[in-house]
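What follows is a short report on a single structure.
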2 protein chains.
Amino acid sequence: MHEVTASIITIGDELLIGQTIDTNSAYIAQELNKIGAWVRRRVAIADDKEAILTTLGDEAKQSNILIITGGLGPTADDITKPALCEYFNTELIRDEGATTNVENIFQKLARPITERNLSQGLVPANCEVLPNGRGTAPGMYFNQEDVHYFSLPGVPHEMKGLMQSGVLPKIKSVFRLPAVAHRTLLTAGIGESFLADTILDFETALPAYVKLAYLPAYGMVRLRLTAKGEDEAAIKKEVDEKFAELKSLVKEWMVADEDIPIQEAVVKLLKEKAKAVATAESCTGGTIASLITSVAGSSAVFNGGIVSYANEAKKDMLEVKEETLTSVGAVSEEAVTQMAISACKKLKTDYAVATSGIMGPDGGTPEKPVGTVWIAVANKEGKVKAQKSNFRFDRGRNVELTVHTALNMLRKAVLEDAEND
Amino acid sequence: MHEVTASIITIGDELLIGQTIDTNSAYIAQELNKIGAWVRRRVAIADDKEAILTTLGDEAKQSNILIITGGLGPTADDITKPALCEYFNTELIRDEGATTNVENIFQKLARPITERNLSQGLVPANCEVLPNGRGTAPGMYFNQEDVHYFSLPGVPHEMKGLMQSGVLPKIKSVFRLPAVAHRTLLTAGIGESFLADTILDFETALPAYVKLAYLPAYGMVRLRLTAKGEDEAAIKKEVDEKFAELKSLVKEWMVADEDIPIQEAVVKLLKEKAKAVATAESCTGGTIASLITSVAGSSAVFNGGIVSYANEAKKDMLEVKEETLTSVGAVSEEAVTQMAISACKKLKTDYAVATSGIMGPDGGTPEKPVGTVWIAVANKEGKVKAQKSNFRFDRGRNVELTVHTALNMLRKAVLEDAEND
């Protein structure tokens, strides 16, 4: 079977001056991958007609599918539509459906509609309009010489809606796609090199059509097995078997046997064990609570938390003793222990996790340099596990590492208690 | 003067299966842009030797500088170094400095060193090693036929260190770069189209060498003016003048007249006015606190916050009345008003900001559909401003929009009080 390949082309000066981070490409790649299309290249170019024309031509020589995002806004720097007209040697015409959509949106918002807004109803004459249910810029589909082009707005939630409603169904109807199977697991607390040494024999023995990828991120490493082939059932079975083998090799460090972030694994575990958690955060400033609540349905296991950034807040809100703060300080085993126990009690939860540390760039001392962090997990019986870490990176990274370490400690505490029950 | 152009090439299967979001390219683009090099293209390709060789060849035909990240890890899927050897027709040799660096890092970590780790001390024979102060993989610089190649590890904080210590100084020493001036401002509470109509005459009258970019993101729009030319002083003066004009046109919506996120603008304002703030978050689950504390030095203006996710936490921790919860519910003007007033009192601050809403995907009702949010800002005199919004997107986007709206309301309240003082 011929492999179906795609190029993702993102258009926008903001990508080349580094002012925005391209999250669209990752989403598009994921969705194409799931249906068995292989993303060969991702290219970001400027809002520049020549660059657009050259890139369309280059990528069309090598890929079956071109997904183009960006440059469809109503402002003067958005030039994707004129460029597409030139590329396909056609002109803009008014599309009734797309125009009505713009009018409806403005009517709903009770805002006056301008010429500029109405221009969003114009599309190249040779395109098939993909209706945008989430915004004013229509999606567009073009087919020329066996290459399939999709032009989508760059606004992430509009692009996502159009991928689901227009792009993926069209691709599936046009191509016969291969079967693909993925299995991903998440580890924490082990470095990439040690993980690689641990599973060296496994990796060496993998058949050529099964690939293993290491995806490290902030104190965690994801392992992903991918297989592609003709026979969907056989591919799936093969990957499942190898995945079971891999799981047993890394079980000591495995946080989840699916592709989810650690906060989702923790929420799932708490739901499974019917336990609730609270947070008591100093140096992480609410980030643990923010991550937990980013998981839909987390309200079943998360009562709330306290961000005790100032020392006074630690005393007032979390009963940290004055004496502790003056003797050993806020970044200490004593302080995080008191914080965790108090949060557990005040928020009436089974567990609480507490953090206190020096995230930088300022505030470090010779005894407690930037990156020094104490983390504690308490359960409602008063059992506490506290741990000191030394991260010593920049502020953002220190916070991320602290948060992941704290969530992993919470996970381990819940598992340990469940075993002893 | 000849324009200096760059291509950024990111290598990694994980980018093409969409498992990681490429934040490195944005950073690199920003840094190159600041010194006057123009990023022409960003290309992401697989850990595949053929793809690497083809892309290096293609980009070298068009750009003066190639910055390559990724594929330098110690595992088998990292093949950038062998690919570079083939491209430059050379072989790997051991570099003493890079090897000592690996040894030192493992000694510091008190971890055993493996063959796999030591292989990070091998580099192509024709490269100049750029020492990596933050990790084991060395940066590498190659010069061939007037094209300058840099190969950097994909780990963001290592890449950033190498950009500053190795890449940028080398580029500045090799090229005579043009002068570039940027000025950016941040607006909130106005859509891109309306903004464009407001400044239409201004935009039309801009000289050709001054560009205006619209950068929308979650309820905010950044406007960026860029000029490039021979004479640094003249360019800077021109952009400053145009920027002053732009500021006066959009002052009603302007959050900051520099390129900073809204949380940084809010922390700056609070510092300037010597005011402290607390948070009382339900639906945003700690995200406002997390954003505020992501700003270095925020401890001067942020005492702490309460994440009252469960209704019981709203009663216990923030004195929300039982009667309020049973009559109008937690997503109401009454509830957020009580939350804000209580947080202000409990955390002894000048201001508090409170949120309560339904972020989705579940929990919506006909009266309060997903995306319904109440936000309140209180000051310590008990003055409260509360506002209802209807966002109706997905959970993540609803949280982002709520957080930005809340921070903007806080900003306005502080400014209004300061005016009335």
Side-chain angles (χ1 to χ4, degrees), chain A residues 13-23 26-27 29-30 33 39 41-45 73-77 114 116-117 157 192-193 196-197 203 213-215 224 285-287 289-290 293-294 296 299 302-310 312-313 316-317 347-348 361 393-397, chain B residues 13-23 26-27 29-30 33 39 41-45 73-77 114 116-117 157 192-193 196-197 203 213-215 224 285-287 289-290 293-294 296 299 302-310 312-313 317 346-348 361 393-397:
Chain A
D13 288 343
E14 68 277 16
L15 296 162
L16 298 175
I17 57 178
Q19 203 149 14
T20 56
I21 287 166
D22 173 23
T23 56
Y27 176 84
Q30 258 173 27
N33 216 238
V39 178
R41 279 157 71 87
R42 286 168 34 182
V43 184
I45 53 175
T75 54
D77 59 352
T114 64
R116 197 189 280 279
N117 302 126
H157 77 117
E192 189 181 356
S193 300
D197 287 338
E203 190 172 358
Y214 292 79
L215 308 162
R224 175 158 171 150
T287 311
S290 173
T293 58
S294 73
S299 57
F302 180 68
N303 290 13
I306 290 157
V307 182
S308 56
Y309 216 53
E312 205 166 348
D316 293 351
M317 311 293 299
L347 286 146
K348 300 173 186 164
F393 298 110
D394 60 37
R395 186 179 182 89
R397 192 170 152 85
Chain B
D13 287 345
E14 68 276 17
L15 296 162
L16 297 175
I17 59 179
Q19 203 150 14
T20 55
I21 288 167
D22 174 21
T23 56
Y27 177 83
Q30 258 174 27
N33 216 237
V39 177
R41 278 158 71 87
R42 287 170 32 183
V43 185
I45 53 175
T75 55
D77 59 352
T114 65
R116 199 188 279 280
N117 301 127
H157 78 116
E192 189 181 354
S193 300
D197 287 338
E203 191 173 358
Y214 293 78
L215 308 162
R224 175 158 170 150
T287 311
S290 173
T293 59
S294 73
S299 56
F302 180 67
N303 290 12
I306 290 156
V307 182
S308 56
Y309 216 54
E312 206 166 347
M317 311 292 298
K346 292 208 165 184
L347 286 145
K348 301 172 186 163
F393 298 110
D394 60 38
R395 185 179 182 87
R397 192 170 152 85

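We name chains A, B, ... by the order of the sequence lines, and we start the count at 1 in each one.
- For chain A, the nearby parts of S299(B) are the backbone and the side chain; heavy atoms of each come within less than 4.5 Å.
- Across every non-hydrogen atom of M317(A) and I306(B), the tightest pair is CE-CD1, 3.2 Å.
- Annotation for D316(A) and K346(B): closest pair OD2-O, 4.3 Å, computed over non-hydrogen atoms.
- Residue contact with chain A, scored on non-hydrogen atoms closer than 4.5 Å, involves the backbone and the side chain of F302(B) alike.
- Listed options G286(A), G304(A), A289(A), G305(A) were ranked by heavy-atom pairs under 4.5 angstrom with chain B; first place goes to G305(A).
- For the residue pair T287(B) and S290(A), the shortest heavy atom distance occurs at OG1-OG, 2.9 Å.
- Every residue was checked against the side chain to side chain donor-acceptor pair (under 3.5 Å) condition with N303(B), not counting sequence neighbours, and none meets it.
- Comparing A196(A), P361(A), A313(A), G396(A) by how many heavy-atom pairs each has under 4.5 Å with chain B, the most go to A196(A).
- For S193(A), the side chain to side chain donor-acceptor pair (under 3.5 Å) partners two or more places apart in sequence, or in a different chain, are N117(B).
- Across all non-hydrogen atoms, the minimal contact from R42(B) to L15(A) is NH1-O, 2.8 Å.
- Of the listed residues (E14(B), K348(B), E312(B)), the greatest number of heavy-atom pairs within a distance under 4.5 Å of chain A belongs to K348(B).
- The minimum heavy-atom distance between R116(A) and D197(B), with the atom names listed, is NE-OD1, 2.6 Å.
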| task | Let me see the working for R224(A) and D13(B) under side-chain contact (heavy atoms from CB on, under 4.5 Å), right down to the final yes or no. | result | CA-CA 11 Å; R224(A) 175 158 171 150; D13(B) 287 345; over 6 Å; no
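- Here the closest heavy-atom approach between residue L16(B) and residue A29(A) is recorded as O-CB, 3.3 Å.
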